[in-house]
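The structure under discussion appears below in the form of structure tokens.
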Amino acid sequence: MSSLVHAQDFKDVSPFLKNVQPDSIRAHIKFLSDDRLKGRMPGTPEYQIAMDYVISRYKAMGMVPAGENQTFLQTVKLRRAKVDKEGTQAVFVSGSSSKELAFGDDYVLYPNFEEKNIEANAPLVFAGYGISEPEFGYDDYAGIDVKGKIVVLVIGAPDKFASTVKAHAMNKTTRLKTALEKGAIGVIVRGSSMGLQYQAHEIVNSGSVDATGNMVAGLKVYGSISHPLFNMMLNKSTEEISKVLLSLKEGIPASFELNSSLQATLTSSYHDFESYNIVGMIKGSDKILKDECVVYSAHLDHVGIGTPVKGDSIYNGAHDNASGVSCVLEVARLFASLKKKPKRSILAVMVTGEEMGLLGSSYFASHPTVPKGKIIADINMDMPTLIAPLLSVVPLGALHSSLINPVKSAAAYLDIDVENDPEPEQNRFTRSDQYSFVQQGIPALHIKYGDKMNEPGKKLTEKVKVWRAEYYHQPQDEFAEENFDFDAAKKYVQLCFLIGYQVAQEKKRPTWNEGDLFGKKFGKQ
């Protein structure tokens, strides 16, 4: 982006940076993670309380309703599906022999969101990781025919893939869509026996949720199998299987027919309900560019009430993601307070169903309440993990587009280092709402903590690792003053504000890098 706002040109907005109010961020987090909101589960009265709170903040700062029918709301229709264990069976057939499989021990099948009753009888094919990326010299589907068949996969990606490419390739939706495009009717993934037992309990008792009309339509069977069943399907020795897996890791596909089949019967039950995204706008000042929008997003939902831990069953989600919502509210307040608004409009979008699989953001990005072609970028704020001074950041996704330029400019102005992802194995790029925008061809980023600390020899990722074990998706993620660094929150808001401000002022909209994977796959949408 050639004419970006340079650090010395931040003088027009630098006085406003001082107006970031840690006390406001603190108050938002405290309210949204209070016990009376019971973990902000979509479809509950408590989620409605959180919605009402956000809308009241939007109104107080003078934001314009940008949802449906001149409201702040966008309806997202959700479907919770459970598996009827008694109506679900699977038989593995090899030659003249057959083995009836035990649900929860040998396999689990996930509910089908389109058909309540499924019957499938199809040959099995091993398709490695289930990745088809010829431009990277790797295609698990090359040389095999999977039409009308069920593919058996292992989770992973070749070591040669960059972390964000690996995260994309390993993403569940990507794997399922790829299999469907190749003509498969089902996908079976190698899991673990312990994991299968947990998944079986959840699938039968709690089910899973998807956005109706937004799932991977067409696949009849999706499930996981135990290691022993996987080995039986491959019909190879332990040594031979190890060689196959090593070949995949080294970037050499190893796909082949399994000369066996799976007979499956699946019964699902449904509960349909509605939840909502919240959309507010601060209109831009340029008579032409004001029709374009820079999105700030954060997910309002958390996981509700669950298994008690240390006597507490309310999963408050203070860090995840009351903190991100609170920071978006403060960023929006800064924009609203500017005497001269930026050229482009600012869209603050609080999405639902992130914890259920990025459902709210996926729906908004594919069915936005403003013209799709007018959304030029997304800055997502999800669990910034404000537990230590903010000395360095990782701009997940920004390296794929020109968004890296405003990130570097803003970070330099605030004396924050920009680092590469210190935890690529976490696959964070595809695990939050910015990925929904990327899949619609919209450049997006997610600012996360870096590794730099003010203690010599210490790494923030090590501190976060300890923190994550105690707090992440636990009832202990609740508001407590000692669990937050509000100076870091202030700096985080300032950084995200300056990034979006530059994008909103720049004449040219952000562009994907030449030859970039995501630009080539999604950029033409």
Side-chain angles (χ1 to χ4, degrees), residues 16-17 19-33 40 50-67 72-74 276-282 293-302 317-338 342 344-354 358 360-361 364-365 369 375 377-386 390 393 395-396 410 432-434 436-437 444-448 484 486 488-501 503-504:
F16 293 90
L17 294 180
N19 295 336
V20 175
Q21 298 174 0
D23 284 345
S24 292
I25 301 170
R26 179 188 284 106
H28 296 326
I29 295 174
K30 191 173 182 179
F31 180 90
L32 292 169
S33 61
R40 306 188 305 280
M51 287 171 45
D52 292 342
Y53 181 82
V54 169
I55 292 171
S56 72
R57 299 301 91 203
Y58 280 10
K59 289 179 177 178
M61 64 181 79
M63 295 186 78
V64 176
F72 287 106
L73 302 179
Q74 180 188 38
Y276 302 89
N277 295 328
I278 310 170
V279 191
M281 178 185 289
I282 298 167
C293 300
V294 178
V295 172
Y296 283 89
S297 59
H299 73 90
L300 182 59
D301 65 303
H302 196 52
H319 280 279
D320 187 13
N321 183 39
S323 65
V325 170
S326 301
C327 288
V328 170
L329 287 174
E330 188 63 5
V331 166
R333 193 187 64 79
L334 276 190
F335 276 109
S337 70
L338 293 178
R344 289 186 176 87
S345 295
I346 303 298
L347 212 60
V349 184
M350 307 301 187
V351 297
T352 187
E354 190 270 355
L358 314 185
S361 62
F364 178 83
T369 55
I375 297 177
D378 170 60
I379 300 167
N380 187 44
M381 300 165 80
D382 181 11
M383 202 174 79
T385 318
L386 306 166
L390 190 66
V393 293
L396 293 171
S432 192
D433 293 308
Q434 71 281 343
S436 295
F437 290 87
L445 62 85
H446 179 196
I447 296 291
K448 292 292 281 186
F484 286 89
F486 286 102
K490 179 177 181 177
K491 207 167 186 181
Y492 178 79
V493 166
Q494 291 172 333
L495 176 66
C496 292
F497 168 81
L498 286 179
I499 293 169
Y501 177 77
V503 177

What distance do Lys448 atom NZ and Tyr492 atom OH have between them, rounded to the nearest 0.5 Å?
7.5 Å
Contact summary for Pro342 and Ala504, nearest pair of heavy atoms:
CB-CB, 3.7 Å
What pairs of residues pass the salt bridge (charged side-chain N to carboxylate O under 4.0 Å, His left out) test when at least one of them lies in residues 23-33, not counting sequence neighbours?
Asp23-Arg26, Arg26-Glu481
Search all heavy atoms of Leu32 against all heavy atoms of Arg40 and return the closest pair with its distance.
O-NH1, 2.8 Å
Quick one about His299 and Asp320 (side-chain donor to acceptor, distance below 3.5 Å, no hydrogens or angles considered), yes or no?
yes
Minimum side-chain heavy-atom gap Leu338-Phe497 below 4.5 Å
yes
Under a 3.5 Å threshold, yes or no: a donor from one side chain and an acceptor from the other, between Asn380 and Ser432?
yes
If you define the side chain from C-beta out and look only at heavy atoms, does anything of Tyr53 sit under 4.5 Å from His28?
yes
With sequence neighbours excluded, residues passing salt bridge (Lys or Arg N to Asp or Glu O under 4.0 Å) with Arg57
none
Could you check whether any side-chain heavy atom of Phe16 comes within less than 4.5 Å of a side-chain heavy atom of Phe335, counting everything from C-beta outward?
no
Which heavy atom of Gly360 sits nearest a heavy atom of Asn277, and at what distance?
O-ND2, 3.1 Å
Exactly one of Asp382, Val54, Val351, Ile278 clears side chain to side chain contact (heavy atoms under 4.5 Å, CB included) with Val325, and that residue is Val54
If you apply the rule side chain to side chain contact (heavy atoms under 4.5 Å, CB included), what do you find for Phe364 with Ile375, and how did you get there?
CA-CA 11 Å; Phe364 178 83; Ile375 297 177; 4.0 Å; yes
Just verifying a value: how many Å separate Leu17 CG and Lys491 NZ, rounded to the nearest 0.5 Å?
12.0 Å
Could you walk me through whether Leu329 and Met350 pass the side chain to side chain contact (heavy atoms under 4.5 Å, CB included) check?
CA-CA 10 Å; Leu329 287 174; Met350 307 301 187; 3.9 Å; yes
Could you give me the CA-CA distance, side-chain angles and deciding distance for Glu354 and Asn321, then say whether side chain to side chain contact (heavy atoms under 4.5 Å, CB included) is met?
CA-CA 10 Å; Glu354 190 270 355; Asn321 183 39; over 6 Å; no
Given side chain to side chain contact (heavy atoms under 4.5 Å, CB included), test Ile346 with Met63 step by step and report yes or no.
CA-CA 10 Å; Ile346 303 298; Met63 295 186 78; over 6 Å; no
Closest non-hydrogen contact found for Ile379 with Cys496 is CD1-O, 4.2 Å
Quick one: CG on Leu73 to CE on Met51, what's the gap to the nearest 0.5 Å?
4.5 Å
Roughly how far apart are Leu495 CG and Leu498 CG, rounded to 0.5 Å?
7.0 Å
Using 0.5 Å steps for rounding, measure from the CE atom of Met61 to the CD atom of Glu330.
8.0 Å
To check you understand the geometry: which heavy-atom pair defines the closest contact between Cys327 and Ile25, and what is its length?
SG-CG2, 4.4 Å
With side chains defined as the heavy atoms from C-beta onward, is the minimum distance between Val349 and Asp433 less than 4.5 Å?
no
Interatomic distance, Ile29 atom CD1 to Leu386 atom CG [nearest 0.5 angstrom]:
6.5 Å
Distance-minimising heavy-atom pair for Ser323 and Phe484
CB-CE2, 4.3 Å
